[in-house]
Amino acid sequence: MTSDAPAFGKGCHLHLIDGSAFIFRAYHALPPLTRKSDGLPVGAVAGFCNMLWKYVTDERGHDAPTHAAVIFDHSGQTFRNEIYDLYKANRPEPPEDLRPQFPLTREATRAFNIACIEIEGYEADDIIATLACRAREAGGAVTIVSSDKDLMQLVGNGVDMLDPIKGKMIGPDEVREKFGVGPERVVDVQALAGDSVDNVPGAPGIGIKTAAQLINDYGDLETLLSRAEEIKQPKRRQTLIENAELIRVSRRLVQLDCETPLDFTLGSLEMRDPEPEVLLGFLAEMEFRTLTARVAEKLGAEAPAVVSAPPSEGPTAPEQPGIGAAGHDCVTDQALLDRWIAEIREAGHVAIDTETTSLDEMQAELVGISLSVAPGRACYIPVGHVQGEGDLFGSGALVEGQLGLDAVLAALKPVLEDLAILKIGQNLKYDYKILARHGIRMAPIADTMLMSYALHAGIHNHGMDELAERYLGHRCIPIKDLIGSGKSQIGFAQVAIDKATPYAAEDAEVTLRLWQNFAPMLPSEQVTTVYETLERPLVPVLADMEMAGIRVDGDVLKRMSNVFAQKMAGLEDEIHELAGEKFNVGSPKQLGEILFDRMGLSGGKTGKTGAYSTSADVLEDLAAEGHDLPARVLDWRQMSKLKSTYTDALPTYVNPETGRVHTSYSIAGAQTGRLASTDPNLQNIPVRTEEGRRIREAFVATPGHRLVSLDYSQIELRILAHVADIPALKQAFRDGIDIHAMTASQMFGVPVEGMDPMIRRRAKAINFGVIYGISGFGLSRNLRIPRAEAQAFIDTYFERFPEIRAYMDQTVAGAKEDGFVRTLFGRRINTPGINQSGPAAGGARRAAINAPIQGAAADIIRRAMIRMPAAIRDLPARMLLQVHDELVFEVEEGAADDLIAVARQVMENAAEPAVKLSVPLVVDAGIGGNWAEAH
DNA sequence: ACGCTCACG
DNA sequence: GACGTACGTGAGCGTA
């Protein structure tokens, strides 16, 4: 044998990929996709390519393959049919739309520059067996990428398996777990147990369990068969004696053949990088836009244009347009609108986007609606454009020729509420609220922003412009081109209709295309459940909460604001006097110069800008040294913060129509699954200081109602106890004892009774530190104790609760291996920075440790929120706010206790049935006329 | 537009 | 042995 490739031998690592398994997996995981241009079914090819791409870009450490091949089954009879003519006889024909994809997967493999192997008359399993044996003999290592149990007989002596779906290594232990015997006896067990999938007969009435027991008792199959008379159970004895020959045939069927003739050397399987032109050419030809773009980015090559050629039938066959290239309908007459509605009904789905006068959904007026049903098919329906651009006084009159808003909504309502028609949006909560204010509640819905969030949290943000650029290679028309920016900005209603049409229709079409892109990725990335149970159902729930809003008493805030202003003025005088000069107390720069340059206090500069840090930390240290000025500044800052951010700003958010404040929750904002609240942020209303907490007195119940607050007690620590499996912590939660006191007691060996509050405080800080990825430095700063002391605490802690360190190490290792971590509920949080080096590494590491815990808590309250509307349906109550571990309700006086009972039940059981926690979830509740009382 | 500071869980 | 560090957010202000 001659070959250019170097010989295969010691130090080499051969990966053998079970191609057929990949294909079937891809086929069943994905909806039936077809190539745009000619309708060729390509779903399985797409999935296959995605898996292959994921596989080749998967960064492995020392396990990285030096050689690789993808092995396929060759159609037709094999030697096993000669042994047993019914072998695989009950296997159904592959589906019609899968068959044309088989040759394409071979082509794909070659495009990836990976050896593609199939041999007539031999099954892939035999080829894999032969290659594994040869490689093992040559002294190399082998990994079989497959989860096929028939291959497990090959495991051991340098051969292992990788389950590509679960990402799990399969070694002798896993084989033993599955078959009850070691790899070398697997064929014996299979021969006895048979296999209905391959139609291997085996012994009737004997399954894997019994087979393993028998083999373990007698050593091997031949011994068993020859001593079958000794078997005690009469039925079993008879079966084995009667079917001895069938069992021997079965054994020959399951025994893989290590003697497949090969016409190539192992050395020739050496890994090669793909040729960018070849691979990109193939992917573009298949019209896989996303993957083409992704591969091009990774290979640093330019992505070839993915143009879907027109269907060849049809007389004119216009070229398939890029986004917007075909032009978009501007719908200004009823007949055209009706045609669009018919088209939507035919498609069964529609992407929708609304254009309005404001980003505030509670005040926004509809200006237009855009729709799209397919690439190249999008329209814009203007309904609220007014005279204006250039018209200084803007007569405010509607531009003529538009359909009436009411008529358009009346026509669309049946479609938008039709449960058979999917409404697709990008950040659909916005459009949902706009339409809800007009009496239309869209269902069912899909949201491309949330799809992206489920798939790509941690990698990038999920705004439409960014998604269009990344996944469609398309740059959206900037809104600035229409409305301008800064002072001369105009409202969307003032934009000319002919300018608005391409912009608005583009948004709908981009959304539709993103949906087509993401929908098949959800199953292949295993985030379908997350999207379907934690993201999508939250949209109407949050929309209702936001529309409900919460009543805020502006007068209370006004009075507080005056008090703060007076206190600030007094403090400012004092500060100026202490400084010996007047300066802007609110300027950190000026303050720094006063403190450190003029007064000569000790304190360092920070990195980037070279400015002095005047953060509360620093000022507190200075104040502790006995300096009055920093102490006064701290007081001033507290007042200033409360005044500007809360007492002054909140009243400006009160909606004049409802008299309430309507926050907006972003579902896809935080990396971990938490919500974020904006405009205004109602998740950071003060509570920690007495003065701050009084701001909550301004959040009041409607007359005749009460506010009810329910919050999870220690939910993150409970999740930690569960996921890290810490017996001491779990028991403490089960017993309902003070968790921080327990920690202190265990660490310092002091009784819980009569514990020094200082000791408990330290334990508490450590407990929280653990959730954040603790460090001696951080703890020492938090507790203001020497670093060595903090480190000693941490050491003691890990000694006492060793499971926590194991959990942390495991989490980080998983993140490094997979590039993501998952919560208990399957939420995927990508950790692209985890393999960085340098200072950033520590941050990425801590984020990876924290994400599954914070994320699981977020998942749990999401589950509770999604179930809540149905649970409280018969109560005179509304859910108003979510603050990470707290839900705030408004309820008619008299029904508060009922509400608490129901809501508590929902919250405490929110993890189930998906996850059965080994610790109880506990919810505390409060009732009051305002939020301060209720909390 | 960006960094600093500080409010929350 | 040194490095730099708690996790996740949003808003208002000063400065460039």
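Below, read A as the first sequence line, B as the second, and so on, with proteins coming before strands; counting in each chain starts at 1. Excluded from the calculations below are hydrogen atoms, water molecules and symmetry mates; all remaining heavy atoms, backbone and side chain alike, are included. Keep in mind it's a predicted model, so treat the numbers as computed, not measured.
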Q. So what does N782(A) hit on the nucleic acid, given a heavy-atom distance under 4.0 Å: a base, only sugar-phosphate, or nothing?
A. base
Q) If the P atom of dC6(B) is compared with that of dA6(C), how far apart are they to the nearest Å? A) 15 Å
Q. Would you call E890(A) and R660(A) a salt bridge, taking side-chain N to carboxylate O under 4.0 Å as the test?
A. yes
Q: Please give the nucleotide sitting opposite dG8(C) as a Watson-Crick or G-U wobble pair, both distances under 3.5 Å, or none.
A: dC8(B)
Q.
If I take atom CD1 in residue I849(A) and atom P in nucleotide dT5(C), what distance separates them, rounded to the nearest angstrom?
A. 17 Å
Q) Distance only, no hydrogens: is a donor on one side chain within 3.5 Å (strictly under) of an acceptor on the other, for S780(A) and E789(A)? A) no
Q. Can a donor-acceptor pair under 3.5 Å be found between the side-chain atoms of R688(A) and the base atoms of dG9(B)?
A. yes
Q. What about Y797(A) and F801(A), are their ring centers closer than 6.0 Å?
A. yes
Q) Taking protein heavy atoms under 4.0 Å as touching, what does nucleotides 9-16 of chain C look like 5' to 3' if B marks base contact, S marks sugar-phosphate-only contact and - marks none? A) SBBSSSSS
(Q) In whole Å, I'd like the distance from the CG atom of N830(A) to the P atom of dG8(C). (A) 14 Å
Q: Check every strand shown and say whether S615(A) touches a base, only sugar-phosphate, or nothing at a heavy-atom separation below 4.0 Å.
A: sugar-phosphate
Q: Describe the nucleic acid contact of A857(A) in one word from base, sugar-phosphate, nothing, applying a heavy-atom distance below 4.0 Å.
A: nothing
(Q) By the 4.0 Å heavy-atom rule, please label I771(A) as base, sugar-phosphate, or nothing. (A) nothing
**Q.** P atoms of dC3(C) and dT5(B), separation to the nearest Å
**A.** 23 Å
Q | L591(A) CG to dT5(B) C1', straight-line distance once rounded to whole Å | A | 11 Å
Q. Between dA6(C), dG4(C), dC6(B), which nucleotide has the shortest distance from any of its atoms to the side chain of R787(A)?
A. dG4(C)
Q. Is there a donor-acceptor contact under 3.5 Å from the side chain of D924(A) to the main chain of D711(A)?
A. no
Q) Does a side-chain N-to-carboxylate-O contact under 4.0 Å join R784(A) and D621(A)? A) yes
Q) Whole Å only: how far is the NZ atom of K643(A) from the C1' atom of dA7(B)? A) 17 Å
Q: Examine dC7(C): is either OP1 or OP2 under 4.0 Å from a nitrogen or oxygen in the side chain of R846(A)? Give yes or no.
A: yes
(Q) Quiz question: by atom type and distance under 3.5 Å, do the side chains of D597(A) and Y612(A) form a donor-acceptor pair? (A) yes
(Q) Between P on dA6(C) and CG on L779(A), what's the gap in Å once rounded to a whole number? (A) 13 Å
**Q.** Proximal nucleotide (of dG9(B), dC6(B), dA6(C)) relative to the A765(A) side chain
**A.** dA6(C)
Q | Distance, rounded to the nearest Å, where R845(A) contributes CZ and dG4(C) contributes P | A | 18 Å
Q. Under 4.0 angstrom, heavy atoms only, what part of the nucleic acid is A848(A) near: base, sugar-phosphate, or nothing?
A. nothing
Q) Got a salt bridge between E581(A) and R598(A), using NZ or NE/NH1/NH2 to carboxylate O under 4.0 Å? A) yes
Q | Inter-nucleotide P distance (dC4(B), dT5(C)), Å rounded | A | 12 Å
Q: Specify the separation, in whole Å, of atom CG of L634(A) and atom C1' of dC6(B).
A: 11 Å
**Q.** Distance test, side-chain N/O of R674(A) to OP1/OP2 of dG9(B), below 4.0 Å
**A.** no
Q) Now, which nucleotide makes the Watson-Crick or G-U wobble pair with dC13(C), with each of the two distances under 3.5 Å? A) dG3(B)
Q: Using whole Å, report how far OH of Y665(A) lies from P of dC8(B).
A: 16 Å
Q.
Do T614(A) and R637(A) pair up side chain to side chain, a donor and an acceptor below 3.5 Å, judged on atom types alone?
A. yes
